[in-house]
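What follows is a short report on a single structure.
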Amino acid sequence: METGKIPENILKRSVFQKLTVKRPEVLVHSGVGEDCSVLSAGDEAIVLSTDPITGAAKDIGKLAFHVTANDIASSGAELIGILLTIIFPLGSSEEELRQIMGEVAGLAERYQVEILGGHTEVSGAVNQTLVSVTGVGRAKRDKVIRTGGLRAGQDLVVTKWIGLEGTSILAKEYGEKLAEKLPPDMILRAGEFDQYLSVIPDAKVAVASGVSAMHDVTEGGIFGALWEMAAASGVGVEVDLKRIPIRQETIEVCEVFDINPYMLISSGSMLIGTDRGGRLVEELDRAGIHAAVVGRATEGNDRIVINGGERRFLGPPKMDELFRAKMP
């Protein structure tokens, strides 16, 4: 298997087939594209999600917090607490621990999220730091939003710009390589894209507007998110590539590494299914959040991207382009 998410076909036969117990308290079970599980709690629901961040990336604590917080927000829930696990390789320093905790604690304070507990250790079993965050959220039971809630005929809206997270990581880790081909001010702007990584504001506007499906765009990029939402919902999609919002900095950085920006990890961007995409874009704009209607959901299972006169079919997500960029 390649680096990154386990392929969907392997996930189905080697993971999901083993999940035979279905508790009545569980409102949303494990499934392709569903990043959160939802438990009944009377009129309310408890929303749970967990994600790891691995490697030596700068701001690893910040990235780990955002990826889980975004999953919870995409379900329409409020994040109330997190459990934090940090595993360091041999030779790590207390300063590294202090740095990660400072990043996570700072974001927890900003969003009023309690760090409920967790685990920290140094282990010879890892050669790079691993940070895993489990989020606990709550929402009214009838307000929970699923990835699999998309219906044929609905508009597809993408918030902010795709590729923000991957662009920021590459700009910070490979600034010298990029400086050989790109101007310094562009590299600086690209590195600062991490200021856009939270989709909590996007989700609040979307929930208030009334939407049926939300999915944060993470590993696998916008192509992966489109596939996952369509697969979870049992519908097709038809998307205009030229409508997908993307920053010029992302285009330039991806050209240097010869990678596809539409398959690049994109925390900070959200894919939304709604009956009234134009109205949602207007409401997001009033909140200072850029967004665009990029396509619609269709009957059947075809997932199509249109680029001028060319039509191509999407396949299941493959290895994220970020990993390919980091290969020697």
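Just so you know, these numbers come straight off a predicted model, no measurement behind them.
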Quick check on [X]: does its [atom1] atom have over 12 non-hydrogen neighbours (other residues, nucleotides or ligands) under 6.0 Å away?
{"X": "Asp185", "atom1": "CG", "answer": "yes"}
{"X": "Lys318", "atom1": "NZ", "answer": "no"}
{"X": "Glu176", "atom1": "CD", "answer": "no"}

Query - Arg98 bridged to Glu95 by N-O distance under 4.0 Å - result: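 Counted as a salt bridge, because a side-chain N and a carboxylate O are separated by less than 4.0 Å.
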**Report entry** Lys/Arg N to Asp/Glu carboxylate O, Asp258 vs Arg324, below 4.0 Å
**Finding:**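 No, no charged N to carboxylate O under 4.0 Å.
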Query raised in the report: Should Thr134 and Leu48 count as side-chain neighbours, where that means a heavy-atom distance under 4.5 Å?
Result: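 Counting from C-beta outward, Thr134 and Leu48 never come under 4.5 Å.
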Query - Test item: Leu241 and Tyr262 side chains (from C-beta on) under 4.5 Å apart, heavy atoms - result: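 In short, these two side chains touch, coming nearer than 4.5 Å.
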Report task. Establish, from distance only, whether the side-chain atoms of Ser212 and Gln154 form a donor-acceptor pair under 3.5 Å. Result ->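 Side-chain D/A pair, Ser212 to Gln154: present.
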Report task. Say whether Thr250 and Thr167, considering side chains only, have a donor N or O and an acceptor N or O under 3.5 Å apart. Result ->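 Yes.
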Requested in this report: Just do the side-chain contact (heavy atoms from CB on, under 4.5 Å) check on His290 and Tyr196 with the steps written out, would you?
Outcome: CA-CA 11 Å; His290 181 74; Tyr196 302 118; over 6 Å; no
**Report entry** side chain to side chain contact (heavy atoms under 4.5 Å, CB included) against Arg303, all qualifying residues, sequence neighbours excluded
**Finding:**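 Scan of Arg303 (side chain to side chain contact (heavy atoms under 4.5 Å, CB included), adjacent residues dropped) gives Trp227, Ala230, Ala231, Val237, Asn301, Leu314.
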Query raised in the report: For Ile265, does its backbone N or O pair with a side-chain atom of Asp320 as donor and acceptor, under 3.5 Å?
Result: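 Yes.
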